[in-house]
K.L.:
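Here you go, one structure.
Every value quoted in this text rests on a predicted model; they were computed, and no experiment measured them. Proteins come first, then strands; the chains are lettered A, B, ... in the order of their sequence lines, and each starts at number 1. All heavy atoms count here, side chains included; hydrogens, waters and symmetry mates do not.
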Protein chains: 2
Amino acid sequence: MDNVTDISSARPDVTDLQMIEGTRTFLEVIAGKWSVDVLYLLANGTRRYSEVFYEVGEISKKTLTQTLRALERDGVISRQVYPEVPVKVEYSLTPLGWSITGLLMAIYEWTAEHGAEVEAARTLHEEAAERPPLAAAA
Amino acid sequence: MDNVTDISSARPDVTDLQMIEGTRTFLEVIAGKWSVDVLYLLANGTRRYSEVFYEVGEISKKTLTQTLRALERDGVISRQVYPEVPVKVEYSLTPLGWSITGLLMAIYEWTAEHGAEVEAARTLHEEAAERPPLAAAA
DNA sequence: CGGTATCCAGCCCGATACTG
DNA sequence: CAGTATCGGGCTGGATACCG
């Protein structure tokens with residue numbers, strides 16, 4: 001067996017299925033359209049609801065609330081309510097949330113290194129789609 | 001400034017926005033519902049269309065084709081057609097695709113370490129939702 | 001064998017308006 | 001201030017049938 005193109009050789013104790021499920025768990029956490037934005041924002045420090053709303057950009061309040069609730073539900077951010085008048089609500093990363101930022105960095109490192117290849121591949125396929133499938137040239 | 005909760009201190013040369021965009025590029029590649037499954041499968045070796053179809057599970061042919069085309073378009077898998085009768089089509093990882101598997105491993109490592117915390121948080125929030133908001137107890 | 005074509009359901013997200 | 005309520009649109013993914 002001279003073929004080393006087998007991912008399982010790196011972790012013979014884990015099945016593909018377990019890896020897929022694990023990866024899926026992670027993706028569920030950050031799959032929301034704005035989850036990553038919120039995570040990066042809170043990684044720069046605690047923010048109030050209105051601060052997140054303003055700093056993220058053109059997110060709607062409904063979607064922002066959904067995003068925050070989902071992240072809170074997954075335990076990566078925490079929500080602190082100050083019962084003043086008017087109320088103040090602060091969001092911040094939990095330790096679990098901080099552990100995710102490391103992964104986000106790793107993902108960024110990958111795109112820093114390979115992102116251009118992805119863009120290039122996409123452009124190539126676009127051009128190929130525009131070219132008539134080789135016939136009218138004769 | 002004794003506050004070290006600043007993610008940018010790790011990479012002062014990169015803005016949050018660039019990181020968010022980079023992360024988004026990666027997520028676009030693997031965000032498809034079945035992308036990770038296909039990637040892991042092909043990481044175990046080249047597969048024919050029907051093999052992928054069977055081994056992935058309950059994916060529809062349309063969705064499988066969509067997934068494969070998207071991954072091909074992003075340059076992470078390659079499609080090789082053998083013009084026999086009937087035709088044979090083989091899919092395999094490109095070098096770019098192989099570079100992604102490293103990241104998938106990193107993601108798996110994270111869930112192996114923290115996945116249980118996510119599940120626990122979710123369960124806790126479920127229970128909290130079932131509890132009446134503290135009023136009828138008196 | 002390896003796909004398309006067509007139709008359709010579900011969900012995520014947004015815009016707007018209203019509230020404790 | 002920090003949300004909720006309601007309505008609606010777009011895109012993803014599935015079921016089924018057909019094709020080179």
K.L.:
Among C/dA5, D/dA2, C/dA15, find the nucleotide with the atom closest to the side chain of A/S60.
P.N.:
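Of the options given, the side chain of A/S60 lies nearest C/dA15.
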
K.L.:
Return yes if the base of D/dG13 and the side-chain atoms of B/K33 contain a donor-acceptor N/O pair under 3.5 Å, otherwise no.
P.N.:
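Counting by modelled atom types and ignoring angles, no donor-acceptor contact under 3.5 Å is found here.
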
K.L.:
Would you indicate which nucleotide in D/dG14, C/dG2, C/dC13 comes nearest to any side-chain atom of B/S50?
P.N.:
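Among D/dG14, C/dG2, C/dC13, the one nearest the side chain of B/S50 is C/dG2.
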
K.L.:
Of the nucleotides C/dG2, D/dA2, D/dG13, which has the atom closest to the B/K88 side chain?
P.N.:
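Out of C/dG2, D/dA2, D/dG13, the nucleotide with an atom closest to B/K88's side chain is C/dG2.
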
K.L.:
For the backbone of A/L96 and the side chain of B/H114, can you confirm whether one donor and one acceptor N or O come within less than 3.5 Å of each other?
P.N.:
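Side chain of B/H114 to backbone of A/L96: no pair is present.
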
K.L.:
Look at atom CD of B/E113 and say whether more than 12 heavy atoms of other residues, nucleotides or ligands are closer to it than 6.0 Å.
P.N.:
no

K.L.:
Ignoring the backbone of A/Y49, work out which of D/dG13, C/dG14, D/dA2 is nearest its side chain.
P.N.:
D/dA2

K.L.:
Would you say A/R48 places a side-chain N or O within less than 4.0 Å of OP1 or OP2 belonging to D/dA2?
P.N.:
yes

K.L.:
D/dA2, OP1 or OP2 - any side-chain N/O from A/Y54 closer than 4.0 Å?
P.N.:
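No, outside the criterion.
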
K.L.:
Among C/dG14, C/dG2, D/dG13, which nucleotide has an atom closest to any side-chain atom of B/Q66?
P.N.:
D/dG13

K.L.:
Looking at every strand, decide which applies to B/Y82 at a 4.0 Å heavy-atom threshold: base, sugar-phosphate, or nothing.
P.N.:
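It contacts nothing in the nucleic acid.
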
K.L.:
Between A/Q66 (side chain) and A/T63 (backbone), is there a donor-acceptor pair under 3.5 Å?
P.N.:
no

K.L.:
Is the backbone N or O of A/T15 less than 3.5 Å from a side-chain atom of A/Q18, with the two atoms forming a donor-acceptor pair by type?
P.N.:
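Pair found, side chain donor or acceptor close to backbone of A/T15.
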
K.L.:
Starting at the 5' end of DNA chain D, which residue's closest nucleotide do you reach first, A/P86 or A/R69?
P.N.:
A/P86

K.L.:
Rounding to a whole Å, what distance do you find between A/E51:CD and D/dA2:P?
P.N.:
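From A/E51 CD to D/dA2 P: 8 Å.
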
